[in-house]
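Below is one structure, written out as structure tokens; comments come after it.
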Amino acid sequence: MLSLNTKSIVILSTIILLCAFIYKKKSDTLQKEKIHQVLHGLLRAERKVGVDRNTRIALGFGGCEDIFVDAQDLLQGLNYTVPSDPEHVTDILSETDFTKIFTYFFKQGAAGERYVENATLFSEIAKVARSVPGARTALGGNAPAMATRLAMEGAEILLAARFTQEALKLMPDTIKAGSRWGNYTASRANRFIIHSDKSNPFLDTLEDLEAVLPAFDPSVLVVGGLQMMDNFPFKQGVRKERIEKLREMLVKTDRSTKTHFELASFSDETLMREIVDNVVYYSDSLGMNEQELPNLVSILTSGKIALVSDSKPRIASVLDQMRVVFNLLKNTEEKDGKRKLTRLHLHTLAYQAILTQKGSDWKNTMAAAAKASLTANRHVCGSNYIDMEKAKLLMDESFSTTARVEEASKIPLEENRPVSCWSEEEFDICLAPVLVCTEVFQTGGGGDNISSAGLLYQI
Ligand SMILES: *[C@@H]1O[C@H](CO)[C@@H](O)[C@H](O)[C@H]1NC(C)=O
Ligand SMILES: *[C@@H]1O[C@H](CO)[C@@H](O)[C@H](O)[C@H]1NC(C)=O
Ligand SMILES: *[C@@H]1O[C@H](CO)[C@@H](O)[C@H](O)[C@H]1NC(C)=O
Ligand SMILES: *[C@@H]1O[C@H](CO)[C@@H](O)[C@H](O)[C@H]1NC(C)=O
């Protein structure tokens, strides 16, 4: 017979609470220990490779002044109200368009970048942004962002970017996971970028870059910043003409110089197709995030774009998408300046994956994945030193190599050897967990920063 008086119930629940507390304490300690081991494993892998001071890298395009502000503070400063019907709008003409598309991306936890056609609106937003307490300004744009990172790592850089007064970009930054905007909650830390740039969309430094490229003779030519062309009101035919001019430069680029194209968020289907035809097929290497990847898969397989996708896709499905892209581009016939794809770098919040073709010239894939992963933390936390108190692991204990059940193998995340590398028929691939920064300093410009760090270790 069981009889419990009040006193024994109190004692019993105290014991249960105590057990729960000890258990929690133990799992916290285990988690800390795990982060410690992963960090040291990544740092070891990073140290294996030194950067040759004579490495030369050329980059284009886009240059601007970035203003980083907290999205919450900016919207408050602007007195903008939450729209009841967030939706995707292509041209931002009015305050309503801006709040609609901002909320659309905010709600999805997706990154976005859009052109603001209404110059009055843009200057209004920029004026308030500058006055928001804590706003920071920096030279920005894809190419300058990558150049800054590469120079910090010790490479010699040739940069094609123009900084003009009106080339202004605004990054409502540090949208933290769990941030609220009216009825909506952001599912993850993210950014939304708007720009009102009238010179970069024309890639007007293209001719300058082309002229000096042969003499500079870089190991890699990095092309980025083409999203500046997205939804920009070009006169009939001008955009295509500029993209074709870019293709001509890529065609002329010596085969000893590798070409890397850094994707971005594109919403204009025709532009994306033009970019695939004139840039992607001329690139040895591609860099992108997990939202740009399905967009590329979609345009390559169906000619259509995918605007917003799953913000936390399974690793297995992401790897499958990487295989699709690699398989579609690896056999590109190398004529008229086209190049086979031999490298694919995928950067995500939780991990970095770098795929290289077997027998290609890309070196040190494991160190490069570790480097990219460490750079992700350093960039977002805004510090070179990685503080374990501000880091967490989002990756699970293990992942499947493919979503196709019969072919899948499970790869555990081994704390003391955190970068997992394996080979498939035609490629080698390494995947490194990211020690996700929990005290977000900035997310904007992250992709460029991370991609260039990985690239530098592979040439
Ligand atoms: C927002 O509202 C406040 C208070 O009504 C006002 O002082 C401020 O000027 C407004 N800001 C803008 C950008 O209109
Ligand atoms: C917020 O949610 C409430 C309740 O679901 C709804 O009545 C209201 O219209 C929503 N407001 C907006 C701006 O969507
Ligand atoms: C452009 O923005 C200004 C300022 O917000 C606004 O007054 C004007 O109506 C907008 N123009 C269009 C065409 O929506
Ligand atoms: C890249 O990240 C580092 C942090 O390690 C930061 O200092 C640097 O400013 C970033 N570069 C750009 C252009 O965002």
Side-chain angles (χ1 to χ4, degrees), residues 34-35 37-46 48-49 263 285-294 296-297 310-327 341-358 360 362-380 386 391-404 407-437 446-447 450-458:
K34 195 165 159 180
I35 288 176
Q37 294 223 5
V38 167
L39 174 59
H40 285 275
L42 291 173
L43 289 171
R44 262 199 316 276
E46 181 187 38
K48 281 197 185 130
V49 176
L263 258 84
S285 166
L286 295 174
M288 66 199 76
N289 70 22
E290 76 280 21
Q291 284 159 32
E292 293 148 14
L293 175 65
L296 180 63
V297 168
D310 190 352
S311 74
K312 280 183 194 148
R314 284 184 56 209
I315 295 184
S317 348
V318 170
L319 291 171
D320 285 341
Q321 289 171 355
M322 288 178 76
R323 288 183 188 97
V324 171
V325 170
F326 179 72
N327 286 329
L341 184 76
T342 50
R343 180 179 182 273
L344 188 54
H345 179 176
L346 180 89
H347 33 92
T348 81
L349 187 63
Y351 57 91
Q352 301 286 322
I354 301 181
L355 175 161
T356 55
Q357 189 183 45
K358 274 191 182 154
S360 63
W362 302 105
K363 302 181 289 197
N364 310 319
T365 308
M366 176 187 273
K371 179 76 189 170
S373 163
L374 292 166
T375 305
N377 179 293
R378 288 173 180 144
H379 175 79
V380 178
I386 295 176
K392 69 173 178 207
L393 274 171
L394 291 181
M395 244 181 84
D396 295 334
E397 306 280 304
S398 67
F399 62 91
S400 291
T401 52
T402 169
R404 290 186 306 271
E407 294 161 43
S409 40
K410 254 202 158 19
I411 300 195
L413 168 59
E414 288 178 49
E415 285 100 68
N416 44 8
R417 288 179 57 247
V419 188
S420 310
C421 295
W422 70 97
S423 275
E424 297 192 13
E425 223 165 281
E426 292 180 74
F427 59 82
D428 299 312
I429 185 165
C430 290
L431 190 145
V434 172
L435 290 168
V436 182
C437 172
I450 295 159
S451 245
S452 41
L455 205 51
L456 193 56
Y457 269 41
Q458 298 218 260

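Throughout, numbering of the chain's residues begins at 1 and tracks the sequence. Any value given below was found using the heavy atoms of this structure, including those in side chains, with hydrogens, waters and symmetry copies removed.
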Taking atom [atom1] of [X] and atom [atom2] of [Y], what is their separation to the nearest 0.5 Å?
X: Leu293; Y: His347; atom1: CG; atom2: NE2; value: 10.5 Å
X: Ile35; Y: Lys392; atom1: CD1; atom2: NZ; value: 9.5 Å
X: Leu344; Y: Ser285; atom1: CG; atom2: OG; value: 7.5 Å
X: Met322; Y: Leu355; atom1: CE; atom2: CG; value: 5.0 Å
X: Met395; Y: Ile315; atom1: CE; atom2: CD1; value: 4.0 Å
X: Asn377; Y: Leu39; atom1: CG; atom2: CG; value: 8.0 Å

Side-chain heavy-atom pair [X], [Y] within 4.5 angstrom cut-off:
X: Arg323; Y: Ile429; value: no
X: Leu431; Y: Ile411; value: no
X: Ile354; Y: Gln458; value: yes
X: Leu455; Y: Arg343; value: yes
X: Leu42; Y: Val419; value: yes
X: Asp428; Y: Thr365; value: no

For residues [X] and [Y], report the shortest heavy-atom separation together with the two atoms involved.
X: Lys410; Y: Ser400; value: NZ-OG, 3.5 Å
X: Asn416; Y: Arg44; value: O-NH2, 2.7 Å
X: Ser373; Y: Leu435; value: OG-N, 4.4 Å
X: Leu349; Y: Glu290; value: N-OE2, 4.4 Å
X: Cys430; Y: Ala369; value: CB-CB, 4.1 Å
X: Pro313; Y: Val318; value: CG-CG2, 3.6 Å

Expected output: side-chain Glu292 to main-chain Asn289 donor-acceptor under 3.5 Å: yes
Side chain Gln357, main chain Phe427, donor-acceptor under 3.5 Å: no
Residues forming a side-chain contact (heavy atoms from CB on, under 4.5 Å) with Ala372, sequence neighbours excluded: His345, Gln352, Ile450
Ion pair Lys371/Glu46, N-O distance below 4.0 Å: yes
Worked verdict on Asp396 versus Leu413 for side chain to side chain contact (heavy atoms under 4.5 Å, CB included): CA-CA 8 Å; Asp396 295 334; Leu413 168 59; over 6 Å; no
Over 12 non-hydrogen atoms of neighbours within 6.0 angstrom of NZ in Lys358: yes
Heavy atoms from other residues, nucleotides or ligands near CD of Glu397 exceed 12 (cutoff 6.0 Å): no
Donor on one side chain, acceptor on other, Asp320 and Thr402, under 3.5 Å: yes
With sequence neighbours excluded, residues passing salt bridge (Lys or Arg N to Asp or Glu O under 4.0 Å) with Glu425: none
Parallel, tilted or perpendicular, as decided by the 30° and 60° cut-offs, for the rings of Trp422 and Phe399: tilted
